[in-house]
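Have a look at the structure below, then the notes.
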Protein chains: 2
Amino acid sequence: MTSDSHSDSYAEAGVDITAGYRAVELMARHVERTRTPGVVSGLGGFGGLFAPEVAGMERPILVSGTDGVGTKLKLAFALDRHDTVGVDCVAMCVNDIVCSGARPLFFLDYIACGKNVPERIEQIVAGIAEGCVQAGAALIGGETAEMPGFYPEDEYDLAGFAVGMVDEAKMMKNEALPGDVVIGLASSGVHSNGFSLVRRVFDMDPEALGTHYPELGRTLGEALIEPTKIYVRPILALAEAVDVKAVSHITGGGLYENLPRALPAGLGMRIDTAAIARPPIFDLIAREGDIPERDMYNTFNMGLGMAVVVSPDDVDGALSALAAAGEPGTVIGEVTASEGIEL
Amino acid sequence: MTSDSHSDSYAEAGVDITAGYRAVELMARHVERTRTPGVVSGLGGFGGLFAPEVAGMERPILVSGTDGVGTKLKLAFALDRHDTVGVDCVAMCVNDIVCSGARPLFFLDYIACGKNVPERIEQIVAGIAEGCVQAGAALIGGETAEMPGFYPEDEYDLAGFAVGMVDEAKMMKNEALPGDVVIGLASSGVHSNGFSLVRRVFDMDPEALGTHYPELGRTLGEALIEPTKIYVRPILALAEAVDVKAVSHITGGGLYENLPRALPAGLGMRIDTAAIARPPIFDLIAREGDIPERDMYNTFNMGLGMAVVVSPDDVDGALSALAAAGEPGTVIGEVTASEGIEL
């Protein structure tokens, strides 16, 4: 973790080096939680080092992904709660790479802020570390950039980068066939997409966010900031148990945009939306924003965090493996011989 | 490259999906320039895939780095010039990882903007691709996040992530000894650090930036936006030719903070600053900002982009290898038996 440079002149220009060092100190114990056997330390100081275990692989493939948290950060600012967005950031990256069957190896973060408040940076990194632990990835590097005048003092952006690896022989190759079965894994809520729309529906003022809704069983702010679920362990457990044809991570663009990404050209899916347990936050958003059902499914995950495709013969094995991994799946539809997503 | 989601409701919330698709179309030819044999395409759609060549390696080590461009972006905004900051972004990452002797494999970018202007995104990606070509890295993924209300419409942040690989047997292990020789590689100018200070000295208004300075031979803006030099090819050529003890990339914190990072504890360096050709922009900054010499060396590279350490026996071979790689080096000092950087 590096921080920007050090001089009296620089401090006058608004860059606080002491805060940078203090932030690095505070984040150390969180980073330590994420250490895995591949981490190489004690060598060099300019890059993060990781020794991947390639023995026995026919052809190791590195799978990488980058993503941010988007305008969900505005919610964290409004709630002054900073220890969950790091989970979101890791989730958005690792849920993408596990779609190829890759096991996450390591993660790096980029935090850009208007003012380096060490305790706030620590909270952000605590969330990142929690996400890394859930994903089995080591946090081996990052950048905390203090950019006065670029970001407001109380704001920051956050992006992450995950690298995983999979043997080419075990990669998911998106070879679904008509008649294959679609199994859904539940989302934890809105996850990290669609927040520009959420912000249009609900002003992000503290009063609205502090409102308790009986159907949510908590405040609006608490329901919205619920971190994105990380599906690495159940998906890898599933891939050990059965032949997974495809996995789709439902992100921006909702079901309409993301389900086809896991399918060969020419095929589609018929999804029984009644089989997807819909967290109450989505009905609240639709009602308060007067948003048509189709737009909802084109923006949000609507309760479906990940969709996996297996052959009909593998359905029972898949459901058992998912349940054993603590992430029960539900049959929600099938692959069809014509393009398009039919809900 | 993904973009955010798609619905009429979403468009009303300020996220322009059509622009996102258009940006992806426009960036395709730039991405294509960076393709290398390791790129795996046609499989999957959620992560970037790369097959590293590990055959013959004793123990492959992945070396990764992330960095942004910092407030140099404000200069790009002021000049409305967006095709160079991508080079800076790649440079900041790959110059770090080559310090371990790692050859860059691939790169991912994160662009966050207030409004997706496809032609501007294209310019940014053109610069990233140019940097990737210079570094020999494939651009295999990225995220363009449109975050209305988070960034001003004309602004963006940019971060990148590079992964390289080196056989552990060939890693630079920072094993310098007293009496070893320090060779300097020239910087192209301010590179991408110290811009918060630059901004304090020179208002970033168009008039100041458009001022032609005889000693610069160009305008202030042109001198300041000069992209960071990428040292991957000369450093790797050098490592083929001689035993490189250590490499230091001079970034934020200048010579005082970065030179020690390449040294074992207890050792220092004596540097003859007269041996470093100082680009005239640094004298201009010091004069206009009334900045003490020590602060200058503690903030800027002052003409020294990279420093490498070799044994005295290898100096001639090192200088020949660097010259052959098109990046002449100069002997600028030696490793000393006591801690600290003596200029």
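In what follows, chains are A, B, ... by sequence order, proteins preceding strands, each numbered from 1.
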Please identify, among [options], the residue contributing the most non-hydrogen atom pairs under 4.5 Å to chain A.
options                      : value
B/Y297, B/F106, B/Y256       : B/F106
B/A246, B/P148, B/S64, B/C99 : B/S64
B/G48, B/S248, B/G38         : B/G48
B/R59, B/E155, B/M147        : B/M147

With rounding to the nearest 0.5 angstrom, report the CE to CG distance, A/M165 to B/L62. 8.0 Å

Measure distances from [X] to the heavy atoms of chain B and classify the residue's part below 4.5 Å as side chain, backbone, both or neither.
X      : value
A/V63  : both
A/N258 : both
A/V98  : neither

What is the minimum heavy-atom distance between [X] and [Y], and which atoms define it?
X      : Y      : value
B/Y156 : A/F150 : O-CZ, 3.1 Å
A/A112 : B/D157 : CB-OD2, 3.5 Å
B/T66  : A/D109 : CG2-O, 3.6 Å
B/L108 : A/F161 : O-CE2, 4.1 Å

Does the side-chain contact (heavy atoms from CB on, under 4.5 Å) test come out yes or no for B/M171 and A/L49, once each step is laid out? CA-CA 11 Å; B/M171 266 186 73; A/L49 308 184; 3.5 Å; yes

Part of B/V166 lying under 4.5 Å from any heavy atom of chain A: neither

Part of B/D290 lying under 4.5 Å from any heavy atom of chain A: neither

Note, B/M57 side chain near A/V54 side chain (heavy atom, < 4.5 Å): no

A/R199, CZ atom: more than 12 neighbouring heavy atoms under 6.0 Å: yes

From the list A/A51, A/A262, A/G65, A/G289, the residue making the most non-hydrogen contacts under 4.5 Å with chain B is A/A51

